[in-house]
Amino acid sequence: MKYALLLLTVCCGAIALLLAESESSKSSDALAATPPMGWNSWNHFAAKVSDAIIRQQADAMIASGMKSAGYVYVNIDDTWEGERDASGVIHSNNKFPDMKGLADYVHSKGLKLGIYSSPGPKTCAGYEGSYGHEEQDAKTYAEWGIDYLKYDWCSADKLHLDMQQTYQKMHAALLKTGRPIVFSLCQYGREAVWHWGASVGGNLWRTTDDIEDKYDRMALIGFGQNGLEKFAGPGHWNDPDMLEVGNGGMNEDEYKTHMSLWSILAAPLLAGNDLGKMTPQTIAILTNPEVIAVDQDRLAVQGRRVWQEGPLEVWMKPLADGSKSVSLFNRGNGPGKVTVRFADVGLGNSAALRDLWSHKDLGVFQTSFSAEVPQHGVAMIKAH
Ligand code: GLA
């Protein structure tokens, strides 16, 4: 009898654990069913970010049409952190006098607020990290009304912590708050995070070191993502880092390549520019509804390279309606003719094509399609 009871207890415990885990994975899936879209302060403002800037960016997200295009998270990156009080509760520094008030403001616009911390004692910029205060910090974020946490490894390196357990710990703390908070892992793709990021509660995980507003760096990261597609899906995405579109270091063709590539990759789309000062070209790139639809497609499959010859590449992402989005890239110096053979992207002999940057139907083509692509540029089409 004693053994039967023991067995029953163990079994019930195991079932309860399984149910809890599957509930938590269901809720993570719902949190980021498609790749998260929003804005982050780091690429443009870095340590200058403040309450006033976040309010301006939230306002601009609406006025510029970014919100209507699907961008929703307004994320404060590093340098908001102040001191801990005698009970260990973290406070924001004087750039952020009232975090709860700021969250209320962002929420009143129909947007969501994100924040940043590190599992180590210090963040990358040397501010207060969450080490030893994980539950307390998660609780504080939830009380403020935070909807997204980027958790950046940095000084945790010195502690020689187990990376997976460390991320799992913060995820458990976030779950305990009862508030849905998107969990963004930032450890630069170490220890092949794509294999375990989802199992420690990550909704997205950085796959590389930091992006820069330069074509070569963006291209190295973006085109280097091939092969990671099997690890992405609803609730858990590869993150090749935030967008640089509009920051001025690349030309229009290069920014179109950046946006096309991130969308083919089903990457999180976190703009990293000043939303209050965008040229019409920047707005057109960031809000192109046909390109965003590729990124956000509900089939939720990350695209991959299907053909390459020297600097010319063709990438394909299958879409829920049975069509394929195909990008013809030219990484070379000087214009180049890129051809996609329909057989290489799983299309039949004839396909109707639409250009997603010029918003024009191109007509019906047989067996292949070729485009003259400018240096560092792209032709992005949808084929069915
Ligand atoms: C690291 C991250 C960046 C940014 C900075 C902030 O470099 O990878 O995205 O968050 O830290 O200090």
Side-chain angles (χ1 to χ4, degrees), residues 32 35-51 53-54 57 71 73-82 90 92-93 95-96 99 113-131 137 141 146-159 161 163 166-167 170 181-194 197 200 202-214 217-218 220-222 224-225 228 237-247 249-250 258 262 265 267-275:
M37 289 180 67
W39 172 90
N40 172 293
S41 58
W42 188 254
N43 285 354
H44 188 86
F45 293 98
K48 291 198 200 84
V49 66
S50 65
D51 175 285
I53 285 175
I54 293 296
Q57 297 301 308
Y71 295 84
Y73 291 98
V74 179
N75 292 349
I76 308 166
D77 207 278
D78 205 352
T79 79
W80 65 267
E81 307 86 346
I90 185 89
S92 45
N93 59 35
K95 295 192 295 166
F96 289 90
M99 210 49 115
L113 187 66
I115 212 162
Y116 165 104
S117 190
S118 170
K122 294 282 175 218
T123 67
C124 292
Y127 287 71
E128 185 71 18
S130 291
Y131 181 65
D137 286 359
Y141 304 152
I146 297 294
D147 306 293
Y148 185 118
L149 172 67
K150 173 174 168 185
Y151 207 40
D152 190 353
W153 190 248
C154 257
S155 71
D157 237 5
K158 297 198 187 90
L159 303 177
L161 300 170
M163 219 177 231
T166 303
Y167 277 100
M170 185 47 116
I181 298 177
V182 171
F183 191 33
S184 155
L185 275 48
C186 178
Q187 39 78 288
Y188 339 111
R190 293 204 201 151
E191 298 185 12
V193 59
W194 37 89
V200 300
N203 296 115
L204 58 156
W205 47 82
R206 281 272 297 280
T207 54
T208 68
D209 274 320
D210 291 11
I211 196 168
E212 287 165 51
D213 187 20
K214 293 180 183 143
R217 181 75 190 139
M218 179 281 293
L220 187 76
I221 290 181
Q225 300 297 300
L228 296 186
W237 307 99
N238 290 306
D239 173 13
D241 207 355
M242 304 167 295
L243 297 169
E244 292 281 9
V245 177
N247 278 333
M250 295 182 232
H258 187 5
W262 262 236
L265 292 170
L269 296 178
L270 295 166
N273 57 320
D274 181 350
L275 302 182

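Whatever order the structure lists ligands and atoms in, that order sets their numbers, starting from 1.
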Neighbouring residues of ligand 1, heavy-atom cut-off under 4.0 Å: W42, D77, D78, Y116, C124, A125, K150, D152, C186, Y188, R206, D210, M242
Results of side-chain contact (heavy atoms from CB on, under 4.5 Å) for A47 - residues two or more places apart only: T79
Pairing residues for H258 by the side-chain contact (heavy atoms from CB on, under 4.5 Å) criterion, not counting sequence neighbours: I211, M218, L243, E244, V245, M250, Y255, W262
Backbone N/O of N273 and side chain of W39: donor-acceptor pair under 3.5 Å: yes
Listed partners of Y73 passing ring-ring contact (aromatic ring centres under 6.0 Å, His included), at least two apart: Y148
Lys/Arg N to Asp/Glu carboxylate O, D157 vs R190, below 4.0 Å: yes
Minimum-distance pair of heavy atoms, taken over all atoms of Y151 and S130: OH-CB, 3.6 Å
